[in-house]
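Quick caveat: nothing in here was measured; it's all calculated off a predicted structure. When a ligand or atom number is given, it counts from 1 through the structure's own listing order. Scope of the values below: all heavy atoms of this structure, side chains included, with no hydrogens, waters or symmetry mates.
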Amino acid sequence: MIVRLSGCYMIGRYSNIMVYRDIFRSSDFARIIAGGLFIPLGFMMYFLNFNFFIGSIMDGHGKEYILNGFLAISVFINGFPIIKEALKGVLKRRVNVDELVSIAIAACLANGSFFEAAIISFIMVLGSFVEEGVSSRARGAIESLMEMNPDSAAVLEENGAEKIKGIDEIKIGEIVIIRAGDIIPVDGVITDGACAVDEALLTGESMPQYKGPGDPVSAGTVNLDGYLRVMVGQRGADSTIGKIKSLIESAENSRVRGTRIVDRYAGYFTPLIVTVAAVTWMVSGDADRAIAVLVVGCPCSFLLSGPVPAVAAIGRAAKSGIIVKGGEYLEKLAAVKTAAFDKTGTITSGKPRILKIEPENGYSSDFIIRIASSVETGSTHPIAGAVLSMARGMDVAVEEASDVAVLPGKGVRGSLNGNVVEVVAGRNILYPGMTCVDVIFNGGHAGYIFLEDEVRESARKMVESMKSLGIRHMSLLSGDNEGAVQKAAEKSGIGEYSGGLLPHEKMEAVEKMSGILYVGDGINDAPSLRAADIGIAMGAAGAQVALETADVVLMNNNLMLIPFLVRLSRKMVSVIRINLVLSLVINIIAVVLSTMGLLSPVAGALVHNMGSVLVVAISASVALSLKIEEDA
Ligand code: ADP
Ligand code: MG
């Protein structure tokens, strides 16, 4: 139960044990070992002299034939996957590493070295298997994210009975029942009940969040202690966690630039190694040397150098509630020199409070709130939320305006009983430092609403941390008035600021800078998120927009995740560099030793795989060693 209750346990030690157990249980593993066992089995037959029945038929060579037969079976079992991949490569006219190993195995067989052929196949497949295991350990966080979500839920029928349905059969608008300790299976809104929710898996936030009727809940989070009825919003692949899963899956398949370089080189690698092997053979007349060259010449560890650290880093980020859409974004992030931030909802909490209402021209505060709230019903902007909750507090009946038009970065306009109402950004000359909106009724000024939005607690620390990472050039870009932006810039320590920007003006400001990281909340700043070299969205507010437009999405509002991610990306890049150098050095030394006859084919196979496993193990360290500064 504990395992299910807390995402942390699941992601921590347990997932690794699960991964290993799965590895040793897998049928691939059984096949490799079975194939390998034919080698000692063959020798047993050889030494036990089981040749009494065929031996005489075959001029006393029976026991050699039996030994080679067993070895051939071993080659067949373990060499088959390698040769299959090699043939695939040949058919696609693409050079791949299995081709080298296949040539080596074929050369061994042609040379009559059945034992070498069997051992090399065995070590090669076992090696890739271990690599796979270690890298899936690095992926642990991702994997447990995939597995956590239940595939069925209890749906409340009209007659009050419960029925278990598969996630995909559940319809939007149905009510599901979630008991204490259960993982919430769908995105939706609580209609009944209250509880503490553990959102660690989705947001990385370890503190439980308290939720009651009307609050949204997300699939993949855990109902710790209450009985809930939830109206289904999205489920399965459409839920937030479903979308995150598919994003991470595609991120794993995307490659970092480092590997694209590697791919280019792989085209030269194989012919080069084949040539070296051929020359070695001709010069030395020793087929074993040539075979050893082919075996150690595979650039396997080179090929793993980029993708494995990238996957480890993406997994580590996911564990803290950061969704990175691909390794290449981390690579870009590592090189970032400047950063720009959106104000509302990013540097500030995005929960503005109304501090003052100043009616003009004979209108009343009630009237202002009444008409303003009627058009704000059509907006998702944080200011709309503040106006609507004010209206609720003042017991103003909110009439929904018609023909509501959202003016991005400016405000809203709509019509209320034939009157045109506008709520738009104001210039604010009365209370410097506050956000100000003008309320306009049929073209005439009806009054001002003044609001304040607190700067997030983590903002100042984040700015300091970014400076210490060498990102000194930071600016605050906002559609809000200059005074309010200045105040937020001072409070957070961001050096430069610019206010009164419309979404496209923000984007232009971002485009002007190179190597720029832009952090926004997805509301009125999607163009900037896209224009920046790397766009990071604070997902909690506009999760859906953000998931689509940003390169990176923070599932919780802790700004310290940004410097953490910069450090993670730099770590990833340095590990990739170490890997590339290390694997190149190992390969070159091993090839040279092989040409000199100092490395046998079997020893070559061992060295080769140790190189790959080393690369993978170093890469896994990306995931293990970094902490968010606040936790440290
Ligand atoms: P930021 O760039 O700081 O995130 P926005 O671009 O979201 O700010 O908004 C800029 C300004 O436009 C706000 O400060 C506000 O004055 C005005 N505004 C935007 N949307 C609304 C709205 N729905 N109601 C009232 N004013 C709005
Ligand atoms: Mg914003």
Side-chain angles (χ1 to χ4, degrees), residues 340-354 357 368-369 371-391 401 404-414 421-428 431 433-440 446-456 459 475-489 491-492 494 497-510 518-529 535-543 545-546 549-550 554 557 559:
F341 300 88
D342 166 59
K343 181 180 77 73
T344 313
T346 304
I347 290 300
T348 65
S349 68
K351 295 188 189 92
R353 281 175 309 126
I354 294 180
I357 303 164
I368 302 250
I369 288 299
I371 61 172
S373 58
S374 75
V375 287
E376 292 288 16
T377 51
S379 165
T380 54
H381 197 274
I383 290 178
V387 171
L388 287 166
S389 75
M390 185 68 154
V404 175
V406 173
L407 319 164
K410 273 190 86 169
V412 278
R413 185 197 306 127
V421 178
E422 288 169 83
V423 182
V424 291
R427 276 219 275 99
N428 191 6
Y431 300 96
M434 288 185 200
T435 298
C436 166
V437 291
D438 290 331
V439 181
I440 297 165
Y448 302 98
I449 300 174
F450 294 97
L451 310 95
E452 192 171 53
D453 193 2
E454 295 285 327
V455 168
R456 286 186 201 279
S475 52
L476 188 60
L477 306 175
S478 174
D480 204 347
N481 69 66
E482 202 80 13
V485 184
Q486 180 183 6
K487 195 171 168 195
K491 276 203 164 173
S492 58
I494 297 176
Y497 62 88
S498 167
L501 300 172
L502 290 174
H504 74 272
E505 293 169 324
K506 250 194 220 187
M507 183 190 77
E508 282 155 17
V510 167
Y518 179 83
V519 187
D521 65 352
I523 298 174
N524 292 341
D525 57 7
S528 307
L529 282 172
I536 299 187
M538 308 284 284
V545 202
T549 48
L554 307 184
N557 291 322
L559 289 166

Is the side chain of T348 donor-acceptor paired with the backbone N or O of G345 at a distance under 3.5 Å, no angle test? yes
Per side-chain contact (heavy atoms from CB on, under 4.5 Å), V437 is matched among I383, V424, N481 by I383
Ranking G378, G411, G426 by closest non-hydrogen atom to atom 21 (C) of ligand 1, top hit is G411
Judged by heavy atoms only, the candidate from G409, P503, G520 nearest atom 12 (O) of ligand 1 is G409
Nearest heavy-atom approach of G378 to V406 is O-CG2, 3.7 Å
In this structure, CG of D525 is separated from CG of L477 (nearest 0.5 Å) by 9.5 Å
Honestly, for T344 the part within reach of ligand 1 (heavy atoms, under 4.0 Å) is both
When distances are taken from atom 24 (N) of ligand 1, the protein heavy atom at minimum range is E376 OE2, 2.5 Å
Are the side chain of S379 and the backbone N or O of E376 linked by a donor-acceptor pair below 3.5 Å? no
In short, A446 meets I368 closest at the heavy-atom pair O-CD1, 3.0 Å
For atom 9 (O) of ligand 1, the closest protein heavy atom turns out to be H381 NE2, 3.4 Å
The answer for which part of S379 has a heavy atom under 4.0 Å from ligand 1 is side chain
Looking at D342, the N, O or S atom sitting nearest the Mg ion (ligand 2) is OD2
Contact region, K410 to ligand 1, non-hydrogen atoms below 4.0 Å, reads backbone
Notebook entry, point to check: N/O/S of N524 less than 2.8 Å from the Mg ion (ligand 2)?
Noted result: no
How about CZ on R456, more than 12 heavy atoms from neighbouring residues, nucleotides or ligands closer than 6.0 Å, or not? yes
Under 4.0 Å from one or more heavy atoms of V437, ligand 1 contributes atoms 16 (O), 25 (C), 26 (N)
Per-atom filter on ligand 1: closer than 4.0 angstrom to a heavy atom of S478 are 1 (P), 2 (O), 3 (O)
When distances are taken from atom 13 (C) of ligand 1, the protein heavy atom at minimum range is I383 CD1, 3.9 Å
Per-atom filter on ligand 1: closer than 4.0 angstrom to a heavy atom of D342 are 1 (P), 2 (O), 3 (O), 4 (O)
Counting heavy atoms under 4.0 Å, the part of N524 that contacts ligand 1 is side chain
Would D453 and K343 satisfy salt bridge (Lys or Arg N to Asp or Glu O under 4.0 Å), going step by step from the backbone distance to the final call? CA-CA 10 Å; D453 193 2; K343 181 180 77 73; 5.2 Å; no
To the nearest 0.5 Å, atom CG of L554 lies from atom CG of D521 at 11.5 Å
Near V423 (heavy-atom distance under 4.0 Å), the atoms of ligand 1 are 25 (C)
Quick note on ligand 1: atoms under 4.0 Å from a heavy atom of K506 include exactly 1 (P), 2 (O), 4 (O)
| message | Looking only at distances, can you tell me whether any N or O atom of G479, backbone or side chain, sits closer than 3.5 Å to an N or O atom of ligand 1? | response | yes
One should read off an interatomic distance between K487 NZ and L476 CG, to the nearest 0.5 angstrom, of 13.5 Å
Per residue D521, nearest N, O or S atom to the Mg ion (ligand 2) is named OD1
**Prompt:** Is there side-chain contact between Y518 and I536, with heavy atoms separated by less than 4.5 Å?
**Reply:** no
